[in-house]
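All remarks here apply to the structure that follows.
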Protein chains: 2
Amino acid sequence: MENEQIKQAGLKVTAPRIKILGILERSGKRHMSAEDVYKELLSQDEEIGLATVYRVLTQFEGAGLVCRRHFESGQSVFELNNGEHHDHLVCIKCGAIVEFLDPTIETRQKRIAAEHHFKIEDHSLVVYGLCPNCQGTR
Amino acid sequence: MENEQIKQAGLKVTAPRIKILGILERSGKRHMSAEDVYKELLSQDEEIGLATVYRVLTQFEGAGLVCRRHFESGQSVFELNNGEHHDHLVCIKCGAIVEFLDPTIETRQKRIAAEHHFKIEDHSLVVYGLCPNCQGTR
DNA sequence: TGGAAAACTGAAAATCTTTCGCATCTTGTC
DNA sequence: GACAAGATGCGAAAGATTTTCAGTTTTCCA
C-alpha cells in the first residue's frame, strides 16, 4: 500500500503524504492540479495546507511517483507514474484528457535528437483540439 | 518593413509596436520571453512598460505575427511566425533551442487524433535533452 | 522504549509571471 | 487641425507556486 511506496521513495511516512497518494490513486481522475488535490482533501475534512500539497507533489515528482505536466492552462497537473511514458490529447473546451502512446513517433523523436546530437532526457507531446462531445457545441 | 506588418495586422502603428517587432526581427534570438524583450528595450533607453510588452506580444500573437510557446520553464517565449509549423528540441542545461519539422510525426498525430475523434486545433512537441555542448560538462 | 536529531508541517508572507484599471497620450480620419 | 477610437504607462492585482519560520512528528538507535 501507500506506506511502502513513500518509504521506498526515501521519504518519511506522514499523514499528508499517505492521504495525497491515496487521493491520486483513488480519486478516479488521472490528472489533477495541486488545487484539485487540495479541494479533495478539504472535502474529506483534512487539515492539510495547500503549501504542503505542493511540497508533497514536488517530492513525489522527484521520487518518480508522479509526473508533472504543464499544459497551456497556467496550472500544472500531476498524474501517477505508471511506468510507461505517454503523450496527451487535450480538449481545449472541456479539458478532457486522453493519453496515447505511439511507437512511430517515439522512434522519430529519437532519430531527430540523434541527428542534432542531442541526448534526450524527456519529451512532451500535447495535441490540443476538440473532443467528440465538444465539436457540436460551439 | 515593420510598419506594414503591423498595419496589416489591423493594429495602429505605434512606437512600442515598431520597436518590439524590430527587436524580434533583429535581436538574433529566435525565442524571447517578454522579459527578454523588455530588457532589450531598456538597454535601448526606450520608455516602454512591461505591461505594454505583454499586451503587444499578445496582440501580435492574435494577429499571427508571433507564436507563443510554453516550455517547462514557467515563462512563455515568443518567436516570429515564419509561416511553417515546427517543433522544438530544448537543452535543459543551457537553454539552447533547435527547431525541427517531421512530416511523419505530423501524420501520426493526425491519425491518432482521428482515432479518438478529436478535431485538432494545435499541438506542441518539445523534446528536452542535452545539446552537444552540454553533454561533456556535467 | 526513550529521546534526540532530522525531517516535516501549516500558515502567512514572498516570488514570479502575467493581466487589469484608469488617467493620459497618439494615431488615423475628415 | 479636431475627434473618436485605440494605445500606453504605471501601479495595483491576480493566480500559481515557493519560501520562511516556529512548532510538531518520525525515525532510528542505544
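Just the heavy atoms: all of them, side chains too, but no hydrogens, waters or symmetry mates, feed the values below. In what follows, chains are A, B, ... by sequence order, proteins preceding strands, each numbered from 1.
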side-chain contact (heavy atoms from CB on, under 4.5 Å) partners of A:Lys12, counting only residues at least two apart: A:Thr14, A:Arg17

Sequence neighbours left out, what passes side-chain contact (heavy atoms from CB on, under 4.5 Å) with A:Glu47? Give chain and number order. none

Given a cutoff of under 4.5 Å between side-chain heavy atoms of I, L, V, M, F, W and Y, with clusters grown through shared members, what are the other residues clustered with A:Val66? A:Ile6, A:Leu11, A:Val13, A:Ile18, A:Ile20, A:Leu21, A:Ile23, A:Leu24, A:Met32, A:Val37, A:Tyr38, A:Leu41, A:Leu42, A:Ile48, A:Leu50, A:Val53, A:Tyr54, A:Val56, A:Leu57, A:Phe60, A:Leu65, A:Phe78, A:Leu80

Given protein heavy atoms under 4.0 Å, the one-letter contact record of nucleotides 12-25 of chain C, with B base, S sugar-phosphate only and - none, is simply B----SBBBB----

Just say parallel, tilted or perpendicular for the rings of B:His31 and B:His88, cut-offs at 30° and 60°. perpendicular

Side-chain cluster (under 4.5 Å, hydrophobic types only) that A:Phe100 belongs to, other residues: A:Leu89, A:Val98, A:Ile105, A:Ile112, A:Phe118, A:Ile120, A:Leu125, A:Val127, B:Leu89, B:Val98, B:Phe100, B:Ile105, B:Ile112, B:Phe118, B:Ile120, B:Leu125, B:Val127

Measure from CD1 on A:Ile48 to P on C:dC8 and round the result to the nearest Å. 15 Å

Spacing of A:Gln59 atom CD relative to C:dC8 atom P, expressed in whole Å: 6 Å

Nucleotides 27-30 of chain C: which of its N/O atoms have a protein N/O under 3.5 Å away?
| unit_1 | atom_1 | unit_2 | atom_2 | d |
| --- | --- | --- | --- | --- |
| C:dT27 | O2 | B:Lys12 | NZ | 3.1 |
| C:dG28 | OP1 | B:Val13 | N | 3.3 |

Set of side chain to side chain donor-acceptor pair (under 3.5 Å) partners for B:Gln44, sequence neighbours left out: B:Glu40

Pairs in or reaching into residues 60-72 of chain B: which pass side-chain hydrogen bond (donor to acceptor under 3.5 Å, both in side chains), with residues at least two apart or in two chains? A:His70-B:Glu72, A:Glu72-B:His70, B:Thr58-B:Arg68, B:Glu61-B:Arg68, B:Arg69-B:Glu79, B:His70-B:Ser76

Contacts of A:Glu4 meeting side-chain contact (heavy atoms from CB on, under 4.5 Å) (sequence neighbours excluded), chain-then-number -> A:Gln8

With sequence neighbours excluded, residues passing side chain to side chain donor-acceptor pair (under 3.5 Å) with B:Ser33: B:Asp36

Considering residues at least two apart in sequence or located in another chain, which fulfil the side-chain contact (heavy atoms from CB on, under 4.5 Å) criterion with B:Ala51? B:Arg55

Nucleotides bounding contact with chain A, strand DNA chain D, heavy-atom threshold 4.0 Å: D:dA16 to D:dT27

